[in-house]
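Here the structure comes first, spelled out in structure tokens, and everything after it is commentary.
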Amino acid sequence: MSSSQPFEQSSPTAGGDATKRSKFTYRQLAHLALSSVTCPLRVIAHIDLDAFYAQCEMVRLGLPEDKPLAVQQWQSLIAVNYPARTFGISRMLTAKEARKLCPDAILQHVATWKEGDVKWAYHKDASANMATHKVSLDPYRLESRKILACMKGCLPPDLQRVEKAGIDEVFLDLSAQVHSILLEHYPELSSPPKDLSEFLPLPPTTVLDWKADALVDLDVSETEDDDPDWDDVAILLGSEIVRDVRAAVREQLKYTCSGGIAHNKMLSKLGSAHRKPNQQTVIRNRAIQQFLSDFKFTKIRNLGGKLGTQIVDTFETDTVSGLLEVPIERLKQKLGDETGSWVYQTIRGIDQSEVNSRTQIKSMLSAKSFRPSINTREQASRWLRIFVGDIYSRLVEEGVLENKRRPKTINLHFRHGGQTKSRQMPIPLGKTIDETILFDLASKLLGQIILEGNVWPCANLSLSVAGFEDGITGNMGIGGFLLKGDEAKAARENDYRPENGASDRPEKRQQTEHGARSIQGFFSKQPGTDESEKLEGSHGEIGEIGDWPFDEEDNITATHQIHAPQSGFKNASITSYFCKQCNETFESDNSFQSHNDWHFAKDLHDEDRRLSHTPQPRPKPGPGKKKNKGSKKDAAKSEKGQSKLSFG
DNA sequence: GTGGATGAG
DNA sequence: CGCTCATCCAC
């Protein structure tokens with residue numbers, strides 16, 4: 001009964017085929033190359049280091065793999081390796097309790113800063129010095145960085161998309177790489193027909209061999225003895241890649257990790273947690289429902305907090321299968337339209353969130369809870385020195401000295417009893433960031449907070465810097481020539497970062513919906529020639545376009561150009577295109593080399609548009625106290641109905 | 001831009 | 001638990 005496909009299929013034209021074809025079209029295959037969030041063949045992986053902090057210590061200390069070890073922070077444990085778990089040791093135990101369970105276990109305290117130190121260190125007596133030391137997680141951040149680099153090194157530079165999701169986890173969008181492997185392995189896919197809506201041939205039956213050694217898991221138990229289709233092949237190719245990545249991390253750095261490979265981020269994440277340690281789990285598309293229905297939905301990302309609790313309370317079930325019974329109207333009614341439909345889709349295995357190419361942090365924080373509380377500005381000030389030392393050393397690692405990156409703001413959080421106060425201010429541009437500057441700013445913030453009065457005793461203090469910007473590019477115009485000679489030259493050279501030239505873009509881009517990423521390089525080989533540069537001169541809202549780089553005989557013409565500063569790029573421009581053949585217009589910031597390019601982009605645009613009526617990745621914050629509870633549902637919020645899409 | 005809150009690991 | 005990090009929202 002539940003044979004409803006998880007995906008929308010493009011409508012076959014009238015030509016029903018008697019021979020067996022794939023469920024997927026050439027167009028969908030092409031979308032795979034772009035990692036389109038709506039492509040039903042998309043392949044996403046999540047990789048998670050096993051008991052990461054504990055592994056770091058195992059590696060650092062060169063211990064044998066079966067040695068029980070836990071990482072200690074003051075009196076409690078924050079990570080426990082798998083051998084230690086066999087003794088019943090778990091997080092949230094005290095060191096003392098753990099010791100009792102396994103006297104032989106190593107309980108390694110984390111590194112700490114102590115007042116006056118210029119560097120964190122592993123101190124023997126750290127746990128006895130909670131009042132004077134501050135924890136440092138730097139050793140783990142450094143290892144994390146190595147591991148990330150190793151993983152990236154395993155993936156083709158031009159086809160990789162890696163998102164650092166935490167100190168010990170990453171998402172990989174393997175779609176583009178899988179696409180390229182598919183074309184390589186199956187030449188029959190490489191020559192698309194005129195009509196991209198045609199269905200692909202089925203994969204050769206030899207693909208069953210792929211499965212032999214891949215850790216496939218969770219089939220829906222024999223729904224149909226379906227032949228494998230290209231989504232199965234794609235995901236298994238993804239699994240091969242993940243296996244390689246994991247092997248490299250293991251061999252080069254001695255870390256084990258677990259992986260999940262699936263159609264989207266949510267499923268891949270559930271997959272990686274499904275079997276640990278040192279294993280990987282594939283969730284094929286046809287196994288999604290079976291896989292999900294066993295879960296408590298509070299295990300799903302974003303449902304682990306208040307929102308999840310609210311849902312449990314409202315619908316009196318905590319399982320996915322229970323919640324599947326709730327009609328979408330009721331979800332929307334109780335949770336709001338956006339959150340309601342997000343939940344509806346999520347528990348059905350639908351998740352259109354993108355893997356953002358992002359491996360760098362956006363903020364940096366150094367914090368300390370005080371037990372007992374501190375009571376004077378002098379005390380607070382001394383901790384600020386330590387925070388500054390910590391943050392500054394991390395800034396150095398981030399390349400702040402070489403002007404690669406630089407934070408824009410500094411922020412001080414202060415907790416007094418239940419309530420928390422914070423103040424932030426800009427970090428003055430133009431000056432080199434050093435400890436003195438940072439401490440100066442932090443002190444000013446502290447002064448501001450204390451001025452409010454009634455702030456003592458203080459139970460928690462934290463200093464953070466945020467708003468990282470890529471180096472000097474921002475202030476080059478003014479600051480650049482204030483530097484002289486060598487400095488300026490060095491600055492300019494540092495501005496060029498081959499590392500992530502292309503992958504930086506999606507960051508600000510993410511607001512640009514419709515997944516209108518550049519399609520250049522797929523149909524046309526040329527790497528993006530930045531057309532927006534050419535338009536730089538015209539500030540006009542709408543300008544006429546003279547000659548434009550199109551084939552003369554094309555039916556596509558660029559009609560006018562729109563300056564679009566809000567798109568996140570300075571000088572970004574949108575061009576409006578018109579296709580005579582289709583009698584339609586389409587706006588994009590891409591430029592197209594051919595009719596096909598245009599159609600391709602338009603298809604993508606339309607499809608994303610159509611499918612993104614419901615998806616919004618991010619649920620609204622849950623119950624929140626700000627909820628004006630007396631008021632009735634003003635849910636009659638104008639949803640942008642489909643009325644807008646009037647073509648075809 | 002600022003300050004608070006939520007959520008994740 | 002305690003310490004990080006990210007994101008969203010109201011103002």
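So you know, we letter chains A, B, ... as the sequences are listed, proteins then strands, and number each from 1.
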Legend entry - Closest listed nucleotide, where the reference is the side chain of A:K362 and the choices are C:dG2, B:dG3, C:dA6: C:dA6
Inset, instruction - Ignoring backbone atoms, establish whether A:S363 has a side-chain N or O less than 4.0 Å from OP1 or OP2 of C:dC5. - result: no
Legend entry - Phosphate OP1/OP2 of C:dG2 contacted by A:Q73 side-chain N/O (<4.0 Å): no
Legend entry - Test item: A:T112 and A:N129 side chains (from C-beta on) under 4.5 Å apart, heavy atoms: no
Inset, instruction - Indicate whether OP1 or OP2 belonging to B:dG4 is found under 4.0 Å from a side-chain N or O atom of A:K421. - result: no
Legend entry - Residues which pass side chain to side chain donor-acceptor pair (under 3.5 Å) with A:S381, listed by chain and number, not counting sequence neighbours: none
Would you tabulate the side-chain donor-acceptor contacts of residues 141-151 of chain A under 3.5 Å, counting partners in other chains and residues two or more places apart, or write 'none'?
residue, atom, partner, partner atom, Å
A:R141, NE, A:D138, OD1, 3.2
A:R141, NH2, A:D138, OD1, 3.4
A:E143, OE1, A:Y255, OH, 2.6
A:E143, OE2, A:K146, NZ, 2.8
A:S144, OG, A:I167, O, 2.7
A:R145, NH1, A:E397, O, 3.1
A:R145, NH2, A:E398, OE2, 3.1

Inset, instruction - For B:dA5, take OP1 and OP2 only and decide whether either is under 4.0 Å from a side-chain N or O of A:T420. - result: no
Legend entry - Phosphate-side-chain proximity, A:K306 and B:dT6, N/O vs OP1/OP2 below 4.0 Å: yes
Legend entry - Atom-pair distance (CG on A:L365; P on B:dA8), nearest Å: 19 Å
Legend entry - Distance below 4.0 Å between A:R394 side-chain N/O and C:dC3 OP1 or OP2: no
Inset, instruction - Report yes if at least one side-chain N or O of A:K408 is closer than 4.0 Å to OP1 or OP2 of B:dT2; otherwise report no. - result: no
Inset, instruction - Report yes if a side-chain nitrogen or oxygen of A:R141 is closer than 4.0 Å to either non-bridging phosphate oxygen (OP1 or OP2) of C:dC5; otherwise report no. - result: yes
